[in-house]
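Down below is the structure, laid out as structure tokens.
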Amino acid sequence: MTSPVPGQESSAPGAAPAASVSPGAQTLLQLRGVDKHFGAVQALYHVDLDLPAAQVTALCGDNGAGKSVLTRCIAGIHQPDRGEILWKGHPVHIRGPRDAAELGIEVVYQDLALADNLDIVQNMFLGRERVHRGLLNEDSMERAAADTLRNLKVTTVRSIRQPVASLSGGQRQAVAVAKAVMWNSKLVLLDEPTAALGVVQTRMVLDLVRTLRDHGLGVMVISHNLNDVLQVADRIAVLHLGRKVAEGPATDFDLQSVVEYMTTGSSHR
Amino acid sequence: MAQVEDEVGRTALDEEAEPSAAAEIAAPPEILAESLGQYLRAWGRRVAGGESGALPVVLALVIIAVAFEIWTQGLFLSPQNLVNLFIQSMFFMTLGMAEIFVLLLGEIDLSAGYVLAVAAGIAGLLVQKPGPDWPWWLAIITALVCSGVTGAIWGLLVSRLHLPSFVVTLAGLLIMWGVMLVILGNAGVVSISSRILVNQHVLYQIVNGNIPPAAGWVVLAVLSLLFAGLTISRDFGRRRKGLVAPPSGLTVLKIAFFVAAGIAVVAVCNVNRGSSLVVLAGVPWVVPIVLVVLLLWVVLLQRTRFGRYVYAIGGNPDAARRAGIRLATVRTWAFALAGVTAGFSGILYLSWQGGTSTNVNGGQYVLYGVAAAVIGGTSLFGGRGKIAQAVLGGLVIGAIYNGLYLQGVQVQWQLIATGLVLVGAVLVDTLSRRGTLSGSATRI
């Protein structure tokens with residue numbers, strides 16, 4: 001497995017050829033029988049889900065289906081009431097975002113969590129700045145950030161020293177994703193990555209998702225937009241009222257069947 | 001709900017039909033230009049687009065100078081008055097620096113004026129004889145530590161208990177006003193103008209003493225070489241590592257500007273402003289001292305993690321929290337540093353006035369400090385601003401204060417004039433930003 005960040009000793013850049021997805025790809029994260037309720041409201045009923053490496057898994061569902069709760073359980077913001085989470089086959093307790101990050105799980109939330117007044121490099125290293133003798137090592141951070149963006153084929157920004165406020169929506173999304181994958185992460189969860197984007201920008205972000213997969217990362221995309229989802233997903237899982245009603249290779253689904261699963265919980269096709 | 005979100009998203013997108021054009025304006029010109037000409041053109045586009053940077057302040061300063069020069073019939077720009085102006089401005093600059101620490105977080109510190117007064121009182125009382133008769137440096141350190149602790153207390157209340165900084169520091173203003181009255185006691189006056197007591201005299205000389213003219217030139221030469229060396233080596237380092245560096249023409253221009261400004265200041269200060277019998281010439285000690293403080297704070301805010309976190313919290317607290325930054329700690333330290341800097345301006349006040357009294361108008365001074373920061377270009381809403389902007393802002397406030405005083409204008413008109421300039425500065429800032437970043441990228 002490779003990380004898009006060159007120069008990290010733990011990984012071998014460029015080792016994995018593109019799109020070498022085999023059916024038996026390593027499963028990074030497994031949810032087994034996860035229940036979650038808030039007071040009287042049962043948000044998740046006994047959900048099983050597999051997130052393999054080097055594949056894009058789309059998590060679909062209507063509003064209130066439990067997509068966000070599920071994401072937050074993986075990110076460590078919520079703890080499941082019952083059931084277990086396995087990371088590479090071993091049970092883990094993810095008690096917070098830091099635990100998740102240590103395992104190699106990064107979440108890109110819909111609001112992206114970028115500071116508009118900081119530039120791209122500063123945002124990508126926020127909270128994990130490189131320091132040399134007490135002072136920020138700007139040059140080293142700038143080069144690493146540039147390398148990561150180049151590896152992700154993000155080439156539309158004019159300068160990585162421009163403030164994030166001056167970027168387009170797709171570029172901002174790209175920066176947020178690059179920030180997430182810089183840290184040798186293995187599984188990236190993208191929450192509605194194309195929600196606020198136009199046609200060109202959406203295509204750019206979907207390309208970025210494919211690039212992540214081709215680098216061997218596991219990707220989970222949470223989205224309403226089924227057109228986008230069907231374009232990039234290798235696997236699809238559908239939630240309906242807190243239950244997982246379908247999961248399988250994307251080739252088993254079409255737009256119609258996904259919509260039926262999302263709205264009724266079953267499909268007759 | 002999803003429908004609504006989507007709608008909003010699409011509208012935002014439609015407005016940024018030309019993202020690259022917007023980027024061209026918002027990106028600093030020095031990172032995009034490869035030659036001096038390109039830089040100047042990019043800079044021109046930015047100014048035309050409303051991102052005017054320091055230009056309005058410099059223009060305002062020129063207009064103020066010319067107006068006062070005419071009005072006072074040549075008194076304003078006389079060497080003697082210019083030195084006075086520098087000294088007064090140093091006081092406003094340091095107050096502005098204090099405010100910038102908290103303004104960057106989107107907070108405010110209204111107590112700075114009386115923190116200053118208390119610091120002046122503490123330092124002044126500690127060098128009294130008969131009395132504690134402490135060494136001057138210990139008196140200064142004690143005053144600064146007290147100011148820092150005071151600021152840290154406001155910071156703790158703001159960051160841990162989530163009280164609004166406006167209210168906390170408003171209470172702080174009243175409390176420190178009271179503390180000042182208590183420590184100055186019945187006499188209400190402390191003087192440090194003794195020429196015999198060394199500890200008092202050193203404090204007095206900070207603002208009122210001068211560097212010998214020849215030494216002034218030497219100091220300037222050393223500083224210029226340091227500045228040029230650091231700038232050039234940094235550019236070379238970046239080019240060697242394959243990174244974009246500012247065009248070399250721009251670097252030369254910057255160094256030339258630094259040297260020219262330094263020569264102007266030293267030349268003005270080295271003119272004899274005494275009489276033919278008693279020569280009074282040289283750069284006041286306060287100028288290099290404030291420069292050192294400025295440099296320290298610039299390094300702290302631009303080159304350390306702490307500084308980066310201050311900007312991040314001011315720009316997007318949620319992003320900072322999710323990045324693992326401990327917001328409360330950073331906020332508390334920023335308030336503490338604002339306190340220390342306010343205390344430092346208290347030392348300058350004590351030295352400048354040769355003492356302090358219960359008449360210190362801390363409520364007015366703190367507003368001058370905020371005005372200096374805002375006029376310099378610091379945003380009241382957090383995340384935008386640089387500590388060096390307090391220099392220009394402090395000069396503007398100092399120039400108005402000095403010019404009106406020189407002309408014998410009564411204090412009520414000084415207040416009104418300063419207020420108008422402050423409103424004007426915020427207005428220019430807001431209008432120009434509104435002009436540039438229309439649509440999706442609008443930020444205050």
Side-chain angles (χ1 to χ4, degrees), chain A residues 62-64 96-98 101 107 109-119 122-123 125-132 134-140 142-143 146 156-172 176 179 192 194-202 224-225, chain B residues 1-3 5-6 8-14 16-20 22-28 30-32 104 234 237-238 240-244 299 302-305 307-309 311-326 379 382-385 437 440-443:
Chain A
D62 208 348
N63 280 350
R98 284 196 177 262
V107 187
Y109 293 98
Q110 198 173 349
D111 68 359
L112 301 183
L114 299 173
D116 277 338
N117 57 332
L118 299 184
D119 66 33
Q122 293 170 343
N123 264 294
F125 276 90
L126 189 59
R128 323 190 215 198
E129 289 82 2
R130 290 184 187 170
V131 175
H132 181 64
L135 296 180
L136 295 172
N137 194 345
E138 294 284 355
D139 292 355
S140 148
E142 187 170 331
R143 272 187 299 172
T156 57
V157 293
R158 283 174 58 106
S159 161
I160 58 172
R161 281 298 179 188
Q162 70 190 73
V164 164
S166 68
L167 300 180
S168 71
Q171 290 171 331
R172 294 164 66 89
K179 178 184 171 188
E192 298 283 359
T194 58
L197 303 181
V199 178
V200 179
Q201 308 265 336
T202 298
H224 272 102
N225 192 327
Chain B
M1 190 59 207
Q3 206 59 42
E5 265 174 32
D6 246 336
V8 172
R10 301 290 167 195
T11 339
L13 180 81
D14 291 341
E16 49 166 26
E18 266 300 312
S20 61
E24 204 144 312
I25 293 166
E30 62 268 22
I31 59 175
L32 300 177
L104 281 177
R234 194 166 139 204
R238 284 182 64 87
R240 204 178 52 239
K241 291 175 192 159
L243 297 169
V244 186
V299 169
Q302 306 297 331
R303 302 292 311 276
T304 69
R305 280 190 167 170
R308 181 63 41 83
Y309 296 167
Y311 279 94
I313 293 172
N316 187 344
D318 279 332
R321 188 177 299 116
R322 281 190 227 161
I325 296 169
R326 281 179 298 188
S379 168
R384 281 167 191 278
L437 303 168
S440 57
T442 304
R443 299 287 183 290

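Treat the numbers as computed from the prediction; the structure is a model and nothing was measured. The sequence lines fix the lettering, A, B, ..., with proteins before strands; numbering per chain opens at 1.
A:Arg98 touches chain B through its side chain: at least one heavy atom from C-beta onward sits under 4.5 Å away, while N, CA, C and O do not. Contact annotation for A:Leu126: both backbone and side-chain heavy atoms come within less than 4.5 Å of a heavy atom of chain B. For a residue to count as touching a neighbouring chain, one of its non-hydrogen atoms must lie under 4.5 Å from one of that chain's; by this rule B:Arg322 touches chain A with the side chain only. At a 4.5 Å heavy-atom cutoff, the contact between B:Tyr311 and chain A is made by backbone and side-chain atoms alike.
Ranked by heavy-atom pairs under 4.5 Å with chain B, the list A:Leu135, A:Leu118, A:Asp139 is led by A:Asp139.
Here the CG atom belonging to B:Asn316 is positioned 7.5 Å from the CG atom belonging to A:Asp111, to the nearest 0.5 angstrom. Interatomic distance, CD of A:Glu138 versus CD of B:Gln302, reported as 9.5 Å (0.5 Å rounding).
Residue A:Arg143 qualifies as enclosed at atom CZ: its count of foreign heavy atoms under 6.0 Å is above 12.
Nearest heavy-atom pair across A:Ala115 and B:Ala319 is N-CB, 4.3 Å.
A salt bridge between A:Glu142 and B:Arg238 is present, with a side-chain N of the basic residue lying under 4.0 Å from a carboxylate O of the acidic one.
The backbone N or O of A:Glu129 lies less than 3.5 Å from a partner atom in the side chain of B:Arg305, making a donor-acceptor pair.
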